[in-house]
Amino acid sequence: MKDERLRRWRLVLGGDADGTGCALGGTDAQMDEALAALYNGGDGERSGGLGASAPRVARWLGDIRSYFPSTVVQVMQKDAVERLNLTRLLLEPEMLEAVEPDVHLVGTLLSLNRVMPEKARESARALVRKVVSELERRLVRKTEAAVTGALDRSARTHRPRRVADIDWDRTIRANLKNYLPERNTVVPSRLVGYGRRQRAVQREVVLCIDQSGSMAASVVYSSVFGAVLASMRSLKTSLVVFDTAVVDLTDQLHDPVELLFGTQLGGGTDINRAIAYSQGLITRPTDSIFILISDLYEGGVRQEMLRRVAQMTAAGVQVIVLLALSDEGAPFYDRDNAAALAALGVPAFACTPDAFPGLMAAAIERRDIGRWAERELEHAAT
């Protein structure tokens, strides 16, 4: 046990055996060399262990995939891009074939989309498609179940056609005055049930996504969710991305990979312009959900932005502001704008991808989104 503890400390601390008295050999020595290439530099400076050679970095990426689990590999890849400035090398096909695909790497590739050489583009698309496929596998069923259930529950009727359509809990509550003690039963004079599923569009959903660099993971997740929602006939889903310009990518929702390559991460931010465009997409305000995903740093006209949000809520649109749609929580965001939105009854909060289906269900049922978010935070804390 003592030797194993010293071995672990030696791998954590790096250097040589002088500090721990533990020498490494075999696979441990190779693991130590891979870690040293990335982490031996001081204050985030380049350590020189990898050099600037794409083949050498590709070998290093292959090494860490053989020594560490994929979750650790993803962290090391992210650190390598930041500490060793490997962005340029990610444009090489051999590099793309060596890395472990994850959401953060997809975000980095999307930011390089405009400068990516053609020889690397196919490798990049294959990597992005692999990440998107995994996200769809993880999120599609939960999203469809939550949204479909919420649409059915929101279509209440007092004339359910089948016994299976009766909401027994609400029916009993509505008929408690008809309780017969001698028979220990309730005689329902009024039934409450679920409406039969409609083929017509029941809700309009507009996803409006900030393309600034800090929102990269949110752009990836939003695109996948947008594609899932667009596949549901009961929803009319639109997806808009923006920086200082606004791009409507709704016609690409059938293919989230193409959609992602239609984005352009980075640049300025004009939230007001994006909201103005999104307002034009809403034809049934009381049946519409508008989701703004942004860090709220506004480069446009702030007061006009707030006025438009107030207009939308007054018209009956369910407005939701997400500071991030990612597993990392909220990035830096404009707290003044978040407070101003809260004053309009529109809370701004971060949402994890796993919680998003529940958020959509709450919005469809027109529940209090602020309270829903508080319960989610409490649940996450426990």
Side-chain angles (χ1 to χ4, degrees), residues 103-104 106-114 205-227 229 237-250 252-253 256 259-282 289-309 312 317-342 344 346-353 355-356 359-360 363 369 373:
V103 169
H104 298 291
V106 169
T108 301
L109 290 175
L110 295 179
S111 69
L112 299 171
N113 185 25
R114 296 296 183 268
V205 179
V206 179
L207 293 172
C208 187
I209 310 167
D210 186 341
Q211 293 187 105
S212 59
S214 62
M215 304 300 293
S218 298
V219 171
V220 177
Y221 283 118
S222 300
S223 299
V224 173
F225 278 119
L229 297 175
T237 304
S238 302
L239 188 141
V240 174
V241 297
F242 68 94
D243 41 35
T244 52
V246 180
V247 180
D248 191 331
L249 296 176
T250 303
Q252 296 182 33
L253 279 170
L259 191 156
L260 284 168
F261 276 95
T263 64
Q264 185 173 351
L265 292 174
T269 309
D270 192 337
I271 303 173
N272 176 52
R273 176 179 289 187
I275 294 177
Y277 180 87
S278 299
Q279 278 183 293
L281 299 175
I282 295 172
I289 303 167
F290 173 68
I291 304 176
L292 172 65
I293 304 174
S294 173
D295 56 15
L296 296 179
Y297 284 106
E298 172 64 311
V301 184
R302 177 179 185 268
Q303 288 304 318
E304 186 71 7
M305 174 193 75
L306 296 173
R307 184 183 69 80
R308 290 186 186 280
V309 172
M312 294 173 79
V317 178
Q318 182 88 321
V319 179
I320 300 170
V321 175
L322 301 182
L323 301 170
L325 180 56
S326 69
D327 290 307
E328 286 73 42
F332 292 107
Y333 64 94
D334 190 310
R335 296 181 181 275
D336 291 337
N337 281 338
L341 288 167
L344 296 174
V346 181
F349 55 94
C351 180
T352 65
F356 187 78
L359 171 63
M360 285 301 303
I369 298 301

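Atoms considered below: every heavy atom in the structure, side chains included; atoms not considered: hydrogens, waters and symmetry mates.
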Any [X] side-chain heavy atom under 4.5 Å of [Y] side chain:
X: Leu359; Y: Phe349; answer: yes
X: Pro347; Y: Leu341; answer: no
X: Thr269; Y: Phe242; answer: yes
X: Leu306; Y: Val309; answer: no
X: Val319; Y: Leu292; answer: no
X: Gln279; Y: Val317; answer: no

Smallest separation among heavy atoms of [X] and [Y], with atom names:
X: Ile271; Y: Ser294; value: CD1-OG, 3.6 Å
X: Asp270; Y: Arg273; value: OD1-N, 3.1 Å
X: Ala363; Y: Ile289; value: CB-CD1, 3.8 Å
X: Asp295; Y: Met215; value: N-SD, 3.8 Å
X: Gly226; Y: Thr237; value: O-CG2, 4.0 Å
X: Leu239; Y: Ser223; value: CD1-CA, 4.2 Å

Sequence-distant partners of [X], side chain to side chain donor-acceptor pair (under 3.5 Å), two or more places apart:
X: Ser218; answer: none
X: Ser238; answer: none
X: Asn272; answer: Arg308

Roughly how far, to the nearest 0.5 Å, is the [atom2] atom of [Y] from the [atom1] atom of [X]?
X: Cys208; Y: Asp248; atom1: SG; atom2: CG; answer: 10.0 Å
X: Leu229; Y: Leu207; atom1: CG; atom2: CG; answer: 6.5 Å
X: Phe332; Y: Arg335; atom1: CZ; atom2: CZ; answer: 9.0 Å
X: Leu322; Y: Tyr221; atom1: CG; atom2: OH; answer: 14.0 Å
X: Arg307; Y: Leu344; atom1: CZ; atom2: CG; answer: 12.5 Å

Look only at the side chain of Tyr333 and the backbone of Tyr297, and say whether a donor-acceptor pair between them is shorter than 3.5 Å. no
Check: Leu296 main-chain N/O paired with Asn337 side-chain donor or acceptor under 3.5 Å: yes
Which residue in the set Val346, Ile275, Ile320 passes side-chain contact (heavy atoms from CB on, under 4.5 Å) when paired with Phe290? Ile275
From the options Asp210, Ile293, Leu259, Leu260, select the one residue that forms a side-chain contact (heavy atoms from CB on, under 4.5 Å) with Ser222. Ile293
Partner set under side chain to side chain contact (heavy atoms under 4.5 Å, CB included) for [X], not counting sequence neighbours:
X: Ala350; value: Ala324, Ala330
X: Thr263; value: Leu110, Gln211, Val219, Val241, Leu249
X: Asp336; value: Arg302, Asp334
X: Thr244; value: none

Under the ring-ring contact (aromatic ring centres under 6.0 Å, His included) test, which residues partner Phe356, sequence neighbours left out? Phe225
Should Val247 and Gln264 be marked as a side-chain contact (heavy atoms from CB on, under 4.5 Å) after you check the CA-CA gap, both sets of side-chain angles, and the distance that decides it? CA-CA 10 Å; Val247 180; Gln264 185 173 351; over 6 Å; no
